[in-house]
Amino acid sequence: MFEFIGTYGPKLLWAGLQYTIPLALISFVIAIIVAGVVAVVRSYQVRATGLGLIFLGVIRFVAWFYVWLFRSTPMLVQLFVVFYGLPKLGISWLAPSGWAAAIWVLSLNTGAYASEAIRAAITSIPDTQKEAAAALGMTDGQAYVRIILPQALRISIPTLANSFISLVKDTSLASVVTIVEMFYMGQQFAAANFEPLQMYLLVAAIYALFVSVLSIPQHFLQRWADRFVKG
């Protein structure tokens with residue numbers, strides 16, 4: 001068993017460091033940006049009339065439809081649609097490579113779930129804080145940026161951290177779009193050495209190692225954010 005780990009462990013670790021972790025980090029950064037924008041669009045109460053109200057309604061519908069679409073369909077199906085399906089419609093520029101397809105899907109899928117976490121955190125902030133901000137002379141936008149969003153982000157840290165952990169594991173699906181990441185290499189090794197049980201257990205152990213290490217910053221980030229909460 002030790003010989004088996006010594007033979008394949010370093011190769012799988014290198015594949016994880018070279019593909020799995022960068023893919024997860026890039027996708028998560030994009031997902032957080034998308035999630036923040038969508039959450040604000042769906043929760044921000046703005047006074048509008050006429051064409052402004054219609055435009056706001058359209059934007060909110062698009063945001064809602066995006067969240068509904070990516071939460072209602074499996075990520076594996078989304079990868080197949082983007083990488084194999086869209087080129088048939090002449091939209092190959094959207095995902096010219098497996099990397100691009102994986103980043104698109106992982107980012108948008110994670111962003112859909114993360115946006116709901118941020119939106120829930122935003123709506124959990126009492127209206128009295130908005131009223132207090134207005135009493136201090138702040139505009140709605142200033143109250144949102146200075147008071148509502150910072151608190152919402154602190155509240156959503158645990159949920160967003162869980163989304164990141166799930167994203168790290170979901171990168172294994174990128175093997176279906178020809179990315180030679182850790183799980184893909186594990187499949188190739190298992191097919192060559194006829195030891196699927198040992199190989200997939202080793203892959204699982206390395207995923208667990210990555211997730212454990214990447215979960216450590218969550219603890220310190222939460223402690224840092226909690227410093228701003230009194231009492």
- Side-chain contact, heavy-atom cut-off 4.5 Å: Ser215 with Phe210? no
- Query: Is Trp224 close to Leu221 at the side-chain level, that is, under 4.5 Å between some pair of heavy atoms?
  - Reply: yes
- Going by heavy atoms in the side chains, are Gln18 and Glu181 under 4.5 Å from each other? no
- Task: Would you mind reporting whether Ile21 and Leu214 have side-chain heavy atoms less than 4.5 Å apart?
- Result: yes
- Query: How far does CD of Gln188 sit from CZ of Phe183, to the nearest 0.5 angstrom?
  - Reply: 10.5 Å
- Message: Hydrogens and angles aside, do Gln129 and Gln151 bring a side-chain donor and acceptor to less than 3.5 Å of each other?
- Response: yes
- Item | Straight-line distance of Leu173 CG to Ile179 CD1, nearest 0.5 Å | 11.0 Å
- Task: Can you measure from CE (Met185) to OG1 (Thr20) and round to the nearest 0.5 angstrom?
- Result: 10.5 Å
- Message: Within a 6.0 Å radius of atom CZ on Phe55, are there more than 12 heavy atoms belonging to other residues, nucleotides or ligands?
- Response: no
- Do you know the tightest heavy-atom contact between Ala152 and Ile118? CB-O, 4.5 Å
- Task: Using atom types as modelled and distance alone, determine if a side-chain donor or acceptor of Ser97 lies under 3.5 Å from a backbone N or O of Ala100.
- Result: yes
- Do you know the tightest heavy-atom contact between Gly9 and Leu202? N-CD2, 3.9 Å
- Query: So, the side chain of Tyr113 versus the backbone of Val67: is there a donor-acceptor pair under 3.5 Å, distance only?
  - Reply: no
- Query: So which heavy atom on Ala190 is nearest to which on Pro196, and how close?
  - Reply: CB-CA, 4.0 Å
- Message: Would you say that Phe164 contacts Gln218 through its side chain, given a criterion of any heavy-atom pair below 4.5 Å between the two side chains?
- Response: no
- Might you confirm whether atom OH of Tyr207 has over 12 heavy atoms from other residues, nucleotides or ligands at distances under 6.0 Å? yes
- Task: Answer whether the closest heavy-atom distance between the side chains of Leu153 and Ile157 falls below 4.5 Å.
- Result: no
- Heavy-atom pair of closest approach, residues Ala35 and Ser115: CB-N, 3.4 Å
- Looking at CG of Leu86 and NZ of Lys88, how far apart are the two atoms once the value is rounded to the nearest 0.5 Å? 12.0 Å
- Query: At their closest point, which heavy atom of Gly186 faces which heavy atom of Val203, and how far apart are they?
  - Reply: CA-CG2, 4.1 Å
- Message: If you count every heavy atom of other residues, nucleotides or ligands that lies below 6.0 Å from Trp64 atom CH2, does the total exceed 12?
- Response: yes
- Message: With no hydrogens and no angle check, just 3.5 Å: does a side-chain donor-acceptor pair link Tyr144 and Ser43?
- Response: yes
- Message: If I take atom OG1 from residue Thr73 and atom CG from residue Asn109, how far apart are they, to the nearest 0.5 angstrom?
- Response: 7.0 Å
- Enter the distance from Ser163:OG to Ile32:CD1 here, rounded to the nearest 0.5 Å. 7.0 Å
- In short, Ala102 meets Val177 closest at the heavy-atom pair CB-CG2, 4.4 Å
- Item | Side chain to side chain, Thr110 and Phe70, heavy atoms closer than 4.5 Å | no
- Message: Just so I know, are the side chains of Ser27 and Leu167 near enough to count as touching, which here means a heavy-atom distance under 4.5 Å?
- Response: yes
- Query: Which class fits the ring pair Phe65 and Trp68: parallel under 30°, tilted 30 to 60°, perpendicular over 60°?
  - Reply: tilted
